[in-house]
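One structure is given below, encoded as structure tokens.
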Amino acid sequence: MAECIQDVIGNLFSTIDAKEELLGECESIWKLLEECQNQLLLLGTETLLKSNAKLSLLMTRVRALSVECHQWQNRCPELSSNNPDVLVKLGKHELQKAENDLEMMLSTVESKNRRLEQDLKRQQRWLEEQEKIVDALTQIEQEIKAQVEEISQKSWKKALLRELQKKMLQLKTRKKDLLNTLSKFLEEHFPLPIAANKILVSKLMDTPHEPYVKINDSFWVPYIELLLRCGVALRHPEDPNRIRLEAFHM
Amino acid sequence: MAVLRPFNKLPELNSAVLLLVGSEGDFPQKLAETILQEKRDFTVNIHIATSLPLPSERDHLRPRIDMIVFMIDIKNKHSLKNVEDSLAHVDARFFLGKVCFLVTGVGRVNCCSVDMNAVWKLGENYCSPVLFCELELEGTRVSTAQRLLRMLQICAGYVPGVSALYFNTLMTSFS
């Protein structure tokens, strides 16, 4: 088919005929144009006043549009030429144009596809990287969690220890307090036997003729008993409430 | 003859002519350069004027103008007045889709010294689209250039099935 068309176009004589025919057509169209032009020149000029520009323009437009509409309605599709050579040439031209357009389209689509593929690859790489990052982050998170647990255990132990130490300290101070109170109480209610001894010795030394001492509340009764049993002190032969120190020095 | 008329001359093959009217420093120049850098399959010819009317002595050298863009700088309150005065020198048939107002400097609304309601009103009264852009920003300058180029293509009749009036009616009825 293509070869057949080539043959037709290759026919030089017929092409020259076609060319002349076309030129003739162009000439007649140009003549028509000149006639129209001359008619147009006969029309006077008409400028617009600012005040009524809109109205007069709209009127003109209505006229022009209705004329145009009328023209379109009465227009018949015109054949470009009856000459087969011209038609073949025109057809070929149109086909070539279409082919060019399609090729351009194809190359555009291909380049777009390539770009999209590259985009996809890049996105996939990015996804992989992101997944790796997520893995690394989860690992770190787990490590940190373990550390946190350890630390919290340690600190719990420490806190326990501290509490124990505190309690111990409290106990110590309490013990001290208690001891203090106890010694005060003892001092108050059960004075040391040294006091009785001292009184006995000083009575014996100061008044050797009257060494007896009267037992009062300040003397600790068990101690007096001990002194009497051991024979360190002696009771007055007539008054049980009075005692004296044994005269060791005589 | 000071009034600009559409279709007053025969068109040139595969070319479109744009007229930029604006007095804001080198912005029209910059915009024209940006438009010329855009890819297109027809020749674009851009004429720049600070105001209308155009000098009549060079009228015979000037090609047919397919579209006029009036530039209004919101930082310059004289620009609106300039555009309003220039509109008096344009034929009414130009407003059937071949005129557009371009408000520039909208990135600096705090420096606005033009009544924006007046600009909207202007677009409404003259049945023409009002575009907004900031020419100092490369991105918006390029997109504005693309829009204007597309409109120019339609105005010059290079889009089969779409006339300037039809496109303009679409644009203004949705704005």
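In what follows, chains are A, B, ... by sequence order, proteins preceding strands, each numbered from 1.
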Where does [X] contact chain A at under 4.5 Å (heavy atoms): side chain, backbone, both or neither?
| X | answer |
| --- | --- |
| B/Pro11 | both |
| B/Phe94 | neither |
| B/Glu124 | both |
| B/Ala88 | backbone |

Under a 4.0 Å threshold between the charged nitrogen and the carboxylate oxygen, would [Y] count as salt-bridged to [X]?
| X | Y | result |
| --- | --- | --- |
| A/Lys121 | A/Asp119 | no |
| A/Lys97 | A/Asp101 | no |
| A/Arg174 | A/Asp177 | no |

| query | Does B/Lys121 make a cation-pi contact with B/Tyr126, if we ask for NZ or CZ under 6.0 Å from the ring centre and within 45° of the axis? | reply |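 Output no; distance or angle outside limits.
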| said: Which atoms of A/Glu68 are under 4.5 Å from chain B, going by heavy atoms: the side chain, the backbone, both sets, or neither? | reply: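 For A/Glu68, the contact with chain B is made by the side chain alone.
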| message | Please classify the contact of A/Leu43 with chain B as side chain, backbone, both or neither, using a heavy-atom distance under 4.5 Å. | response |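 A/Leu43 touches chain B through backbone and side-chain heavy atoms alike.
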| If you round to the nearest 0.5 Å, how far is CD1 of B/Ile74 from CG of B/Leu80? |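 The CD1 atom of B/Ile74 is 11.5 Å from CG of B/Leu80, to the nearest 0.5 Å.
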